[in-house]
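Computation of the quantities below employed the complete heavy-atom set of this structure, encompassing side-chain atoms and omitting hydrogens, waters and symmetry-equivalent molecules.
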Amino acid sequence: MNDLLYPLLAVGDLVFLFLIFLFVKHGRLSVRFSLAWFALGGVLLVFAAFPLVAKMLRGLLRFEVVSNMVFTMLFGFVLLVLLILSATASTQTEEIKRLTQHNAILEHRVRQLEEALKTREAEGGVDKRADER
């Protein structure tokens, strides 16, 4: 990677970390998901601050160019985040289904109680003035 790109990577990464912080602060991103993004930002900041670390890792992973390694790592990270979000969406879908079924059961019970109360009132079993007190 060109030595001029390391300062650009550092500035871009600091902006990225600041945006994540703002999202968490304003409640647009949960702390649970922000931890993974902060970890990614930290790794990129280490690569920008210490280019030798990125070059050594490039050699170990047998990439030709450091930027290819960084983009491959970013792609893998984004796939991991998508997997986590898909799992969360599936869990929430099941929870919504369960809550909807529970709500339907409760609505049915309320209708039954209302009908029983109407039947009782129609038979004269309930004194309306006693209910008003």
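One distance of note links CG of Leu45 with CZ of Phe16; it measures 11.5 Å at 0.5 Å rounding. Between Leu52 atom CG and Leu57 atom CG the span is 11.0 Å, to the nearest 0.5 Å. Rounded to the nearest 0.5 angstrom, Leu8 CG and Asp13 CG are separated by 11.0 Å. Going from atom OG1 of Thr119 over to atom CD of Glu121 covers 9.5 Å, rounded to the nearest 0.5 Å.
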Chi angles and distances behind the side chain to side chain contact (heavy atoms under 4.5 Å, CB included) call for Leu79, Phe75: CA-CA 6 Å; Leu79 285 177; Phe75 182 71; 3.4 Å; yes

Worked verdict on Lys55 versus Phe50 for side chain to side chain contact (heavy atoms under 4.5 Å, CB included): CA-CA 9 Å; Lys55 290 176 183 175; Phe50 306 105; over 6 Å; no

Phe33/Thr88 under side chain to side chain contact (heavy atoms under 4.5 Å, CB included): CA gap, chis, key distance, verdict: CA-CA 11 Å; Phe33 293 119; Thr88 302; 3.7 Å; yes

Leu74/Leu40 under side chain to side chain contact (heavy atoms under 4.5 Å, CB included): CA gap, chis, key distance, verdict: CA-CA 8 Å; Leu74 289 175; Leu40 173 68; 3.4 Å; yes

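Under the 4.5 Å side-chain contact rule for hydrophobic residues, Phe47 and Val15 do not share a cluster. The hydrophobic clustering, which links ILVMFWY residues whose side-chain heavy atoms are closer than 4.5 Å, places Val110 and Leu117 apart. The hydrophobic clustering, which links ILVMFWY residues whose side-chain heavy atoms are closer than 4.5 Å, places Leu14 and Leu19 apart. Hydrophobic clustering, with ILVMFWY side chains joined whenever heavy atoms are under 4.5 angstrom apart, keeps Val43 apart from Met56. Cluster membership check: Leu85 does not share its hydrophobic cluster with Val78, using side-chain heavy-atom separations under 4.5 Å among Ile, Leu, Val, Met, Phe, Trp and Tyr.
In this structure, Arg98 pairs ionically with Glu95, as a charged nitrogen and a carboxylate oxygen lie closer than 4.0 Å. Glu94 and Lys97 are joined by a salt bridge, as a carboxylate oxygen and a charged side-chain nitrogen come within less than 4.0 angstrom of each other.
Taking both residues in full, the closest heavy atoms of Leu44 and Leu9 are given as O-CD2, 4.0 Å, listed atom of the first, atom of the second, then distance. Nearest heavy atoms, Ala48 versus Tyr6: CB-O, 3.7 Å. Shortest non-hydrogen contact noted between Arg58 and Val65 is CD-C, 3.6 Å. The two residues Ala54 and Val66 come nearest to each other via the heavy atoms CB-CG1, 3.8 Å.
Between Trp37 and Phe21, the ring centre distance reaches or exceeds 6.0 Å.
Few gaps surround CD on Gln112; more than 12 heavy atoms of other groups in view lie less than 6.0 Å from it.
Between the side chains of Ser34 and Arg28, no donor-acceptor pair is found at a separation under 3.5 Å.
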